[in-house]
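Taking it in order: structure first as structure tokens, then the write-up.
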Amino acid sequence: MKAVIFDLDGVITDTAEYHFLAWKHIAEQIDIPFDRSMNESLKGISREKSLENILIYGGAEASYTNAEKQDLLHQKNKYYQTLISKLTPEDLLPGIGRLLRELKVENIKIGLASSSRNAPEILRRLEIIDDFHAIVDPTALAKGKPDPEIFLTAAALLGVSPADCAAVEDAEAGIAAIKSAGMFAVGVGYEQSMHDADLIVRQTCDLTFEVLNEEWKSYTINRIQK
Ligand code: BG6
Ligand code: MG
């Protein structure tokens with residue numbers, strides 16, 4: 001294992017909850033019911049695609065002009081930015097600070113593969129931006145998760161072969177992207193949406209370097225034997 005690539009929202013900090021609150025706020029304004037199961041399907045998906053999916057779900061895709069959609073996207077992001085403006089280093093999810101320190105000690109490179117344009121701001125607020133050797137710019141990508149492009153770009157920026165990377169995700173689309181990139185996938189959360197992951201942890205505090213490395217070793221042995 002030469003690099004670990006992280007998703008951000010729901011893995012490093014609980015901003016997945018803030019995305020939920022911001023979309024709920026918008027959906028209520030336009031009278032579309034929005035709940036946690038709908039939100040689950042938006043995890044890892046771009047802002048624009050998320051709005052499109054919400055409008056389709058509410059049977060309202062033809063009811064808004066492009067300018068109106070732009071306005072809704074802008075409002076959602078403003079609401080979201082108000083929520084993230086309160087983030088501090090205390091908002092790192094449990095165990096993530098320890099894992100970053102352990103990876104540093106082991107000389108393992110650290111990358112970020114988040115679909116969020118707010119990612120650099122969040123990393124700055126959490127005071128961990130300097131721990132990352134590479135941060136993918138999602139606006140420079142042709143395709144979003146579940147396409148592997150974002151993870152392959154992170155590996156290329158780090159100068160590491162995808163086969164030597166592990167990546168951590170909380171979304172089904174993210175796990176699919178990691179697996180298509182040919183990497184070792186770590187899923188954080190409930191097993192049902194993580195079934196393709198190579199290692200599943202219920203919570204970030206369960207993800208230590210030791211756990212990661214043990215699973216990596218058996219995964220590598222299996223890969224060689226195949
Ligand atoms: C992903 C989130 O990390 O980023 C999605 O899981 C979000 O919910 C996407 O839509 C884009 O984020 P932003 O901050 O650019 O709107
Ligand atoms: Mg996520």
Side-chain angles (χ1 to χ4, degrees), residues 4-27 34-57 69-87 91-93 96 99 111-126 129 132 135-141 143-151 153-154 166-179 181 183 185-190 193-194 196-197 200-204 207:
V4 176
I5 301 168
F6 289 85
D7 171 47
L8 173 67
D9 298 313
V11 167
I12 289 179
T13 186
D14 200 14
T15 38
E17 182 65 16
Y18 293 175
H19 281 294
F20 167 68
L21 294 172
W23 280 128
K24 192 167 178 326
H25 173 76
I26 297 300
F34 190 77
D35 57 18
R36 286 188 184 273
S37 77
M38 173 64 194
N39 185 61
E40 206 54 36
S41 69
L42 303 181
K43 285 187 176 172
I45 307 296
S46 76
R47 199 182 306 161
E48 288 73 10
K49 186 94 181 75
S50 298
L51 177 64
E52 205 179 300
N53 289 357
I54 292 170
L55 293 177
I56 291 171
Y57 176 72
K69 286 182 195 167
Q70 284 307 317
D71 186 50
L72 291 171
L73 290 168
H74 180 71
Q75 281 186 52
K76 186 268 174 177
N77 197 42
K78 278 270 153 241
Y79 191 96
Y80 180 71
Q81 285 179 331
T82 310
L83 296 174
I84 62 170
S85 69
K86 297 179 188 85
L87 287 174
D91 293 302
L92 269 182
L93 276 169
I96 293 296
L99 180 60
L112 191 84
S114 168
S115 317
S116 172
R117 276 163 269 178
N118 291 293
E121 176 63 17
I122 292 173
L123 294 183
R124 264 192 292 277
R125 292 201 175 273
L126 297 171
I129 195 158
F132 287 79
I135 296 172
V136 177
D137 172 6
T139 63
L141 303 174
K143 291 179 180 168
K145 299 170 188 177
D147 190 275
E149 185 181 11
I150 192 164
F151 287 99
T153 306
V168 193
E169 264 287 353
D170 69 322
E172 203 169 346
I175 297 289
I178 299 171
K179 290 316 296 169
M183 297 177 183
V186 182
V188 178
Y190 294 94
S193 55
M194 297 287 135
D196 287 335
I200 300 163
V201 291
R202 191 65 187 272
Q203 294 171 319
T204 50
L207 187 61

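All figures in this text were calculated on a predicted structure; none of them were measured in a lab. Order of listing sets the numbers, starting from 1, for every ligand and every atom in it.
- One finds a salt bridge joining Asp7 and Lys145 here, because a Lys/Arg side-chain nitrogen approaches an Asp/Glu carboxylate oxygen to under 4.0 Å.
- Although no hydrogens or angles enter the test, the distance criterion places no donor-acceptor pair under 3.5 Å between the side chain of Thr204 and the main chain of Ile96.
- Close approach to Ser50 involves these atoms of ligand 1, each under 4.0 Å from a residue heavy atom: 10 (O).
- Residues passing the salt bridge (Lys or Arg N to Asp or Glu O under 4.0 Å) test with Lys76, sequence neighbours excluded: none.
- The N/O atoms of Trp23, backbone and side chain alike, include none that comes under 3.5 Å of an N/O atom in ligand 1.
- Looking only at protein heavy atoms, the nearest one to atom 3 (O) of ligand 1 is Asp9 OD2, 2.6 Å.
- Of all protein heavy atoms, the one closest to atom 6 (O) of ligand 1 is Gly44 N, 2.8 Å.
- Nearest non-hydrogen protein atom to atom 10 (O) of ligand 1 is Ile45 O, 2.7 Å.
- The Mg ion (ligand 2) has Asp7 OD2, Asp9 O, Asp170 OD1 as its protein N, O or S neighbours under 2.8 Å.
- Judged as a salt bridge (charged side-chain N to carboxylate O under 4.0 Å, His left out), the pairs with a partner in residues 112-123 (not counting sequence neighbours) are, in order, Glu48-Arg117, Glu121-Arg124, Glu121-Arg125.
- No salt bridge links Lys179 with Glu169; every basic N to acidic carboxylate O contact stays at or beyond 4.0 Å.
- Residue contacts with ligand 1 leave out Leu8, since none of its heavy atoms falls under 4.0 Å from the ligand.
- Among all protein heavy atoms, the one lying closest to atom 16 (O) of ligand 1 is Arg47 NE, 2.7 Å.
- Residue-to-ligand polar distances place Asn118 within reach of ligand 1: an N/O pair is separated by less than 3.5 Å.
- Two residues are said to be in side-chain contact when any heavy atoms from C-beta on lie closer than 4.5 Å; Thr15 and Tyr80 meet this criterion.
- Looking at His19 and Asn39, their side chains never bring a donor and an acceptor atom within 3.5 Å of each other.
- Between the side chains of Asn77 and Asn118, at least one donor N or O lies within less than 3.5 Å of an accepting N or O.
- Asp14 places none of its side-chain heavy atoms less than 4.5 Å from the side chain of Asp91.
- Considering backbone and side-chain atoms together, Arg117 places an N or O closer than 3.5 Å to an N or O of ligand 1.
- Using a distance-only test at 3.5 Å, with no hydrogens or angles considered, no donor-acceptor pair links the side chain of Lys78 to the main chain of Thr82.
- Annotation: side chain to side chain contact (heavy atoms under 4.5 Å, CB included) contacts of Lys143 (sequence neighbours excluded): Asp147, Glu149.
- For Ser114, the closest heavy-atom approach to ligand 1 falls below 4.0 Å.
- Considering backbone and side-chain N/O atoms, Asn77 never comes within less than 3.5 Å of an N/O atom of ligand 1.
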